[in-house]
Amino acid sequence: MSENDNKTAQNSAELATKYDPKAVEAKWYKYWETHRLFHSEPDGREPFCIVIPPPNVTGILHMGHALNNTIQDILVRRARMEGKNALWVPGTDHAAISTEAKVVAKLASEGIKKTDLSREEFLSHAWDWTHKYGGIILQQLRKLGASCDWERTAFTMDDIRYRSVIRVFVDLYRKGLIYRGVRMVNWDPQALTALSDEEVIYKEEQSKLYHLRYKVEDDPEGRYIVVATTRPETILGDTAVCVNPNDERYTWLKGKRVIVPLVGRSVPIIMDEYVEMDFGTGCLKVTPAHDINDYMLGEKYNLPSIDIFNDNGTISEKGGIYIGMDRFDVRKQIMIDLDAKGLVEKIEDYVNKVGHSERTDAVIEPKLSTQWFVRMADLAKPALEGVENDEVKFVPSKFKNLYRHWMTNIKDWCISRQLWWGQQIPAYYLPDGSFVVAETPEEALDLAREKSGNPSLSADDIRRDPDCLDTWFSSWLWPLSLFNGILEPDNEEIRYYYPTTDLVTAPDIIFFWVARMIIAGYEFHGQKPFNNVYFTGIVRDKLGRKMSKSLGNSPDPLDLIDQYGADGLRMGLMRAAPAGHDIMFDESLCEQGRNFCNKIWNAFRLVKGWKADSEIEQPETAKLGIEWFSNVLNRTLAEVDDLMKKFRISEALTAVYKLFWDEFSSWYLEVVKPAYSQPIDQKTYDETLRFFDVLLRLLHPFMPFITEELWQHLAERRDGESIMYAQLPKDEEYSAEIISDFERLKEVVAGIRTIRLKRQIPNKQPLKLLVKGDADSRLDTIIRKMGNIDTIEKCEEKPATAASFIVGGAEYMIPLENSIDKEEEIKKLEAEKKRFEGFLAGVRKKLANERFVANAPEAVVALEHKKESDALAKLAAIETALAALK
RNA sequence: GGGCGAUUAGCUCAGCUGGUUUAGAGCGUCUGCCUUACAAGCAGAGGGUCUGCGGUUCGAAUCCGUAAUCGCCCACCA
C-alpha cells in the first residue's frame, strides 16, 4: 500500500479535489490493527486507561454510542500522543433480560417454547444467538475509528468474568451482605422476572380514577362507601378498606365491614393516618398483594394477602373470577360488570405515573416474591466519600448532587432475575429447604453435608437456585474483572492499570453502573475504579426529543459515516457536545465536519503542489508570516492542552478548527503562497510542512483517519509507523504582542477589502494606500500582498476622493478616481464616533471613580487607561476624517 | 412533593475563579466573487444589552435573592 501512496504523494496534482473518506478509512483501520498499534501492555511508562461501557452484545450502534465512544477515542488517542501507555479495553455485556427476550422470541418464531427446553438446551440457543449477532457493534466501533485494544475484548459472561461474579457473590454472602427474603418487588410480567428499582421507569399517563361503591355489611339503611382507584381489577384482591381516623365523614364506619363488589367478600374497615383525607373520596381499598403501600398496611393490620395474578399478568385462580384473562382486559370488563350492578359512582380523568420495565416496557406489577438482595447501606459509605472528596472526580460536578442523594437514600439491591441467561446464583438448597452458598458444586456439597450433619448427602440431593443475577451485578465489577482483579487481585495488570484513568458514560446509568462500580472498587479492591467520570449529554433530535426507535428520529451512525466519513461524524458530534449538556443533533453538523475534512485536504494539496527552491531568498512576507503563525500555533497548543485537561473537548476542538481554518488557511497560507506556478523558497516550504505536521498531530485525536492519511503523504516513513504515536509539542512559548499586531493588520486588510467590495474594485487592480496618524509599518509588506496594494504612503491631508477607514489611532485611505459618497462616509464616521464616545464615557466614569482606582487591581486600572488612550486616538482620527469631509 | 439544571443573535450553543476593549462561534440571512488548494469554497455585511424584577460591588451576562418559562432526576398518594 505504502508504495502506491507514496507515489501519489510525490505529485499533489494526482490528489482529488475532494477528500474521499471511503477510500481512506478502511485502509488505515486495517493498518492500525495489523500493526497492533492499539495494543498495550504494562511497561515503565505512565499508564492511561479507559474501560468501555460495555454495550449490549447483540445491540447495534446508535448515536449515543457514537458520541460516547468518540469521546473515549479522543481521550485515548491524545494520551498516546502525550507519551502515555494508553489502553482502551473493549467488551460487551450479556444484557440478561433483553438477550433472553430476543432468544425466546426467536425460538417462539420456530415454534419452540422456552418451557419445553432444558436449561442447557436454552443456553445453547442463547450462545448461538450471541455468537451470531454478538460483536456486530464491535465491528461498528471500528468504523468509527475506535482505537480499542481488541486483543483484550471481554464479555461479561466469559469465563473470567463469570467466575469473578460468582466469587463476589459468595464473598458478599459470607460477609452477610447478601440475603434472601420475601419482599414486594417490581415484577415484569412480560420478561417474567423481578427487576431492581432502577430498572423501573415511571411514565406519566392519562388514565382514569374510578369511584366504586362498596356496600356496608348488614347495614339496615343499605349505605355504601365510595372508594377511588386507578386499578379496579385489583378489587379481586382487596382485603380491607382504609380511612383516616380523623376523617369525620367516616367515623360511623368504625368497626364495620364492607362487601367487596362482585367477589362479595366481607372485609374490615381499618383506620390509619396513612390515608389522605382530601385525595379521592378519602377511602382507600387495600390490596396487600399488589401495591407496596397496601402491603405495608397489610403487615401493620395483619391482613390476608391474596395474589390474584399469575406471573404473566393474567388473573389467577385466587382471583375467583375472570380467571386467565389479561389484567388490562379485566380492567375493561370489570367496569362493565360493576356498572351493570350500579356500583360505579363516577369515572374521572386522572394523570398518574405508571412504572414500566426498562427493557420490555411492560407495565410493572408489584408482586410479593422471594428474591436475593444486596444490603447496600454500608457498602455505599466509602463510595460516597470517594466522590464527595473528589478522589473520584465527576465532570461536570453537578452530578455529585445526584449521586449524593441516591447514595444517602440507597435501598437494598434486588439482584435475582428469573432468567437463565446470566450467572446462575451459586446457592444450593438442601432437602430440608435450607441452603448453602459456594463457588463450586463440590464445595457446596461439602458445606451441605456439614450443615445437614449428613455425610452421605450426594450431589443429586442438593439443588442449585435456578435464578440468575442481574446483569449489572457483573458490570459493576468491569474495571476490576477486565484485569482479572477479582480472581487474582495482585496480578501485574491490575496493579498497572487500576485505578483506571477516565470513565465516559451517559448520566442515565449513574446509578445502574457508575455508583455501583465505585462501590465495588472500594469493596473488592480497596481502591476507586477510576479517577474521573466524564458524563456526556444525551443525543436528541433537532426538536429536542430523545432519539428512539419508536419515533424513528435516530439516524444510523453508519449511514452518517457513509455520507460524511467517520471523521466528519466525529467532528460534527463533538463540536456540539459540551460535557453534561444534551446535544441537539442535526445532520448539518456532520456536513460541517465533512467540509472541514475537505478544507484540510485542500490545504494539503496546495502545500504539496509547491515546488521548493533553495536558490530563492525568503521573502519578508513569509518571514513575518512564519513568525506570527508559530506564535498563534503555540498559543493554541497551550489553550487546547488546558481545555482538554478540563474535559472541555468541544471547546478544544473549536480552537483547533479555528486555528486550521481561519489562521492557517485563510491567513498564513495566503501570506506565504507564491505567485501562481512560481516556486517557493526552501525555508518557507520546510517551515510550512513543519506547521502542517504539528497541525495534523493536534487534529489527530479528533479526526484520526484524514490525519493519518495526510501524515503519510507528508513525509517518508517506515512501515508500522503512525501519527498515532507522533508526540504533541508541549510548553512552547508565544508572544501576545506579535499576535495582537497581526490582528490589527487583519483589520487593515479587511478595511481595504470592504472598500473594494463597496466600490466594486476588482481584486486584481492594485491600489494605493495612504496612512494618516500613528501606525506601525512593520507588517506593511503583508498589507501589500493581502490587499493588493502597490504603494503605502504616509500622508497629512486626505484627498477629496479617498475612501477611508480607521484602525487603532490611524486613518487608512484609498484614493479613488471617481468621487465618493460624502454623506455616506459621514454617516458611517458619525456612527463610529458615537460608539466610541459612549465607550470612552464608560471608561472615564470608571477612572473618575476614586474607589475604582483605589480598589481595582493595578493591571485592571492600567488597562482602563490604555482603553482610554486607545479610544482617544481613535476618536481623534475619526474627528480629522470628519473634518476633512466637511 | 423534594432536588438539580437551563433561559445570551432567527436557530444551536460558548462565555465555569466578576474587570482582555458596551458579548463570541457555527448554521441561517444579505452583498460581491466559479480569484488555477478548496463553491463542501473565497471576501465582506447585518444581527443580541445577555428572560423580568430587586440586590451585592468601584465594576455584573458572570455573584445573591425573587418571579416566570422550559427540561431532567428522585419520591409509596390510591
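Below, read A as the first sequence line, B as the second, and so on, with proteins coming before strands; counting in each chain starts at 1.
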Candidate nucleotides [options], ranked by approach to the side chain of [X] - the nearest:
X       : options                : value
K398(A) : G5(B), C76(B), G26(B)  : G5(B)
K658(A) : C73(B), G24(B), G19(B) : G24(B)
T230(A) : A75(B), U21(B), A78(B) : A78(B)
V275(A) : A25(B), U21(B), A78(B) : A78(B)
T229(A) : G19(B), A25(B), A78(B) : A78(B)
E651(A) : U21(B), C77(B), G15(B) : G15(B)

Under 4.0 Å, heavy atoms only, any strand: does [X] hit a base, just the sugar-phosphate, or nothing?
X       : value
N849(A) : sugar-phosphate
K353(A) : base
E276(A) : base
R648(A) : base
I292(A) : sugar-phosphate
V227(A) : nothing

Determine the interatomic distance between [atom1] on [N] and the same-named atom on [M]; round to the nearest Å.
N      : M      : atom1 : value
A23(B) : A9(B)  : C1'   : 10 Å
C11(B) : U22(B) : C1'   : 25 Å
U8(B)  : C50(B) : C1'   : 4 Å
G28(B) : A43(B) : P     : 16 Å
C77(B) : U62(B) : C1'   : 42 Å
G24(B) : G19(B) : P     : 14 Å
U17(B) : A61(B) : P     : 16 Å
C4(B)  : C64(B) : P     : 12 Å

(request) Give, for atom NZ of K400(A) and atom CG of L384(A), the distance between the pair rounded to the nearest 0.5 Å. (result)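 Rounded to the nearest 0.5 Å, the NZ-CG separation comes out at 10.0 Å.
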(request) Would you please indicate yes or no on a ring centroid separation below 6.0 angstrom for F535(A) and F399(A)? (result)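 Yes - the distance between ring centres of F399(A) and F535(A) falls below the 6.0 Å cut-off.
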Check the distance between [N]'s [atom2] and [X]'s [atom1] and give it to me in whole angstrom.
X       : N      : atom1 : atom2 : answer
L643(A) : A14(B) : CG    : P     : 14 Å
I538(A) : U12(B) : CD1   : P     : 18 Å
Y210(A) : A78(B) : OH    : C1'   : 14 Å
M407(A) : C74(B) : CE    : P     : 15 Å
D349(A) : A78(B) : CG    : P     : 15 Å
E348(A) : A78(B) : CD    : P     : 13 Å
L589(A) : C27(B) : CG    : P     : 10 Å
R835(A) : G47(B) : CZ    : C1'   : 14 Å

(message) Listing request: all side-chain hydrogen bond (donor to acceptor under 3.5 Å, both in side chains) pairs with a residue in residues 842-863 of chain A, at least two apart in sequence or in separate chains.
(response)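 As it turns out, the side-chain hydrogen bond (donor to acceptor under 3.5 Å, both in side chains) pairs with a partner in residues 842-863 of chain A, which skip direct neighbours, are R844(A)-E868(A).
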(request) Can you sort out the partners of E837(A) under side chain to side chain donor-acceptor pair (under 3.5 Å), two or more places apart, ordered by chain and number? (result)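 Applying side chain to side chain donor-acceptor pair (under 3.5 Å) to E837(A) gives none.
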(message) According to side chain to side chain donor-acceptor pair (under 3.5 Å), who are the partners of Y734(A), at least two apart in sequence or on a separate chain?
(response)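 Listed in chain order: nothing, the list is empty.
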(request) Could you list the residues that satisfy ring-ring contact (aromatic ring centres under 6.0 Å, His included) with F664(A), not counting sequence neighbours? (result)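 Only F629(A), F660(A), Y668(A), F692(A) meet the ring-ring contact (aromatic ring centres under 6.0 Å, His included) criterion with F664(A).
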(request) For Y685(A), check ring-ring contact (aromatic ring centres under 6.0 Å, His included) against everything at least two apart and list the hits. (result)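 Per chain and number, Y685(A) pairs via ring-ring contact (aromatic ring centres under 6.0 Å, His included) with no residue.
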(message) Which is more 5' along RNA chain B, the nucleotide nearest K285(A) or the one nearest N401(A)? Just name the residue.
(response)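 Comparing both residues, the 5'-ward one is N401(A).
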(request) On RNA chain B, check which nucleotide each of M296(A) and D870(A) is closest to and give me the residue with the more 5' one. (result)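 The residue closer to the strand's 5' end, by nearest nucleotide, is D870(A).
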(request) Identify all stems in which RNA chain B takes part, counting only runs of at least 3 consecutive pairs (Watson-Crick or G-U wobble, each distance under 3.5 Å), and give each as one range with another, ordered by first number. (result)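 Stem list for RNA chain B: B:1-7 with B:68-74, B:10-13 with B:24-27, B:29-33 with B:41-45, B:51-55 with B:63-67.
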Who passes side chain to side chain contact (heavy atoms under 4.5 Å, CB included) against [X], sequence neighbours left out?
X       : answer
D562(A) : K22(A)
E204(A) : V351(A), K353(A)
F839(A) : F836(A), V843(A), K867(A), A871(A)

(request) Would you check if H713(A) and L15(A) make a side-chain contact, meaning some heavy-atom pair closer than 4.5 Å? (result)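 Yes, close enough: below the 4.5 Å cut-off.
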(message) Going by salt bridge (Lys or Arg N to Asp or Glu O under 4.0 Å), name the residues that satisfy it together with K758(A), two or more places apart in sequence or in a different chain.
(response)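 Salt bridge (Lys or Arg N to Asp or Glu O under 4.0 Å) list for K758(A), sorted by chain: empty.
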(message) Quick one, T636(A) with K658(A), criterion side-chain hydrogen bond (donor to acceptor under 3.5 Å, both in side chains). Give me CA distance, side-chain angles, the key distance, then yes/no.
(response) CA-CA 10 Å; T636(A) 310; K658(A) 286 160 87 166; over 6 Å; no
(message) Using a 4.0 Å cut-off on heavy atoms, which residues in residues 195-206 of chain A reach RNA chain B? List them by number, or say none.
(response)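 Correct list: empty, so none.
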(request) Using a 4.0 Å cut-off on protein heavy atoms (strictly under), produce a 5'-to-3' string for nucleotides 36-43 of chain B with B for base contact, S for backbone-only sugar-phosphate contact, and - for none. (result) BBB-BSSS
(request) Kindly say whether Q765(A) contributes a backbone atom to a donor-acceptor pair with the side chain of R756(A) at under 3.5 angstrom? (result)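 Yes.
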